Number of protein chains: 2
Amino acid sequence: MTEMSGGSSRGGGLAGRIGIGLQLDAVHMKILQVLRENGRISVAALAERVGISRASAYTRFEALRADGVIKRFTAEVDHVRAGLGITALVFVTVRQQMWKQFRAQLAQMPEVEYCAITTGQHDAMIQIRMPDVASVHTLVTERLAGIPAVKATETVFILDEVLKRPYVLPSDRTPRRHPPTPTPPPTETSTPIPLGKMRFVGAAEGRTDLRGDT
Amino acid sequence: MTEMSGGSSRGGGLAGRIGIGLQLDAVHMKILQVLRENGRISVAALAERVGISRASAYTRFEALRADGVIKRFTAEVDHVRAGLGITALVFVTVRQQMWKQFRAQLAQMPEVEYCAITTGQHDAMIQIRMPDVASVHTLVTERLAGIPAVKATETVFILDEVLKRPYVLPSDRTPRRHPPTPTPPPTETSTPIPLGKMRFVGAAEGRTDLRGDT
DNA sequence: GTTGAAATTAGTACGAA
DNA sequence: TTCGTACTAATTTCAAC
């Protein structure tokens, strides 16, 4: 092989996905689990770990990749060591009808590592990595705030990243049966607040154009 | 090779790191850049892309791994396809002097993919992946709220993950010189609020025991 | 740090169960 | 489908430059 990934992720972003494609069984899950822990494992070693033949491993491996279940393989870099020691979260309020522009601008900001559209007080949360605190300030005030689509921002710094797990699969979930009385979905209209400790935050009003048309 | 990663990440968490180790040059950066895009590329192909010999590529590759600059290789899985279609952020207020316990409890919750300690109104932000909305509710109310260290939570749902980049390295940054007049660091005492659009949120009062002693 | 050649391993393509 | 084997091509290692 020359390369095995990097060029075949179908579609554009992480957004909308249609069709179900592969039906994943326990073996698929086990493959994913191993691959999340060690993305560079050889298919032969993978087969051994999962308990299938090499031929099957190749078939399933390729199927998972082709089907988009595995989106890409990546190396996790220590950002501090790489020169980007400061991480911040910026919560952004986006002006209505300007989501497309907002997305377009974000695409041109390489320092943005992650962006998610959320319910709650703000509309989006972006995570940025910077060499120093001053750079965060500059980015937020001069570049983010300069985007017409951005109505307001709120910045918090990340003091420590406690955990970042690659193990998140249904099989990892704690075996914990749902309560007999099915919990009602947490909507704005019916949200019990048990223990007085919880608070779900719904979407802001008039959020109709959440998805861009890219 | 049989395996190339997965068992040698030194230390425990993502927290404190001592010593500088390798001094990264432009070639190292380029290697990291390629590896972040394609974690399964062969060292031979990597060498060609970076423009160095195979042997050099092997040496540098190993050095980056041994030194911890590359923390691990992982496969990015489409969570929706894998059965965890719901993503939520839970902002947690942690009771003072109970950080250690909080961390310990989190370690036992596999559905938590990411946890960061932040400045601002809340103390920590955790990202969870669940099969459905009801499970989020159950997790937050029955498990998270049940932790003594957790004083309060606030949950928001992620409607769409716009981008998740593996390209974040200093070399990716937009070449934009800092303003001649050095921007003052954004502390609570001296934070200019340009355009009335920005808002930095400092740490809550009395946050002295942010780091656990693990 | 680079090239080249040898040994090992990976990836593919068959049949057979 | 999955497995097992054989074949081909690539990668890794190790040598000398």
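Only a predicted model underlies this, so the values are computations on that prediction, with no experimental measurement involved.
The side chain to side chain contact (heavy atoms under 4.5 Å, CB included) search around B:S53 returns B:A55, B:S56, not counting sequence neighbours. Residues satisfying the side chain to side chain contact (heavy atoms under 4.5 Å, CB included) criterion with A:A88, sequence neighbours excluded, are A:I128, A:V136, A:T155, A:F157. Remark: B:Q127 pairs with A:Y114, B:T87, B:L89, B:E113, B:Y114, B:R129, B:I158, B:E161 by the side chain to side chain contact (heavy atoms under 4.5 Å, CB included) rule, at least two apart or across chains. Checked against salt bridge (Lys or Arg N to Asp or Glu O under 4.0 Å), A:R54 has no partners two or more places apart in sequence or in another chain.
End-to-end axis angle of the helix from C:dG1-D:dC17 to C:dA17-D:dT1, using five pairs per end and rounding to 10°, comes to 30°.
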Taking N or O atoms only and anything under 3.5 Å, show me the protein contacts with nucleotides 3-7 of chain D, one pair per line.
residue : atom : partner : partner atom : Å
D:dC3   : OP2  : A:S53   : N            : 3.1
D:dC3   : OP2  : A:S53   : OG           : 3.1
D:dC3   : OP2  : A:S56   : OG           : 2.6

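The nearest whole Å value for the distance from the CZ atom in A:R40 to the C1' atom in C:dA10 is 13 Å. One atom, CD of A:E48, and another, P of C:dA10, lie 11 Å apart when rounded to the nearest Å. D:dT1 atom P lies 10 Å from atom NE2 of A:H28, rounded to whole Å. If you measure from atom CD1 of B:I41 to atom P of C:dA10, you get 18 Å, rounded to the nearest angstrom. When rounded to the nearest whole Å, the span between OH of A:Y58 and P of C:dC14 equals 17 Å. D:dT2 atom P lies 14 Å from atom CG of A:L46, rounded to whole Å. Counting to the nearest Å, the P atom of D:dT12 and the CZ atom of B:R65 are 13 Å from each other.
The line from CG of A:L106 to CD of A:E111 is 10.5 Å long, rounded to the nearest 0.5 Å.
Closest approach of A:A75 to B:F73, counting heavy atoms only: CB-CE2, 3.5 Å. Closest of all the heavy-atom pairs between A:R72 and B:K164 is NH1-O, 3.2 Å. Of all heavy-atom pairs between B:I41 and B:L46, the closest is CD1-N, 3.8 Å.
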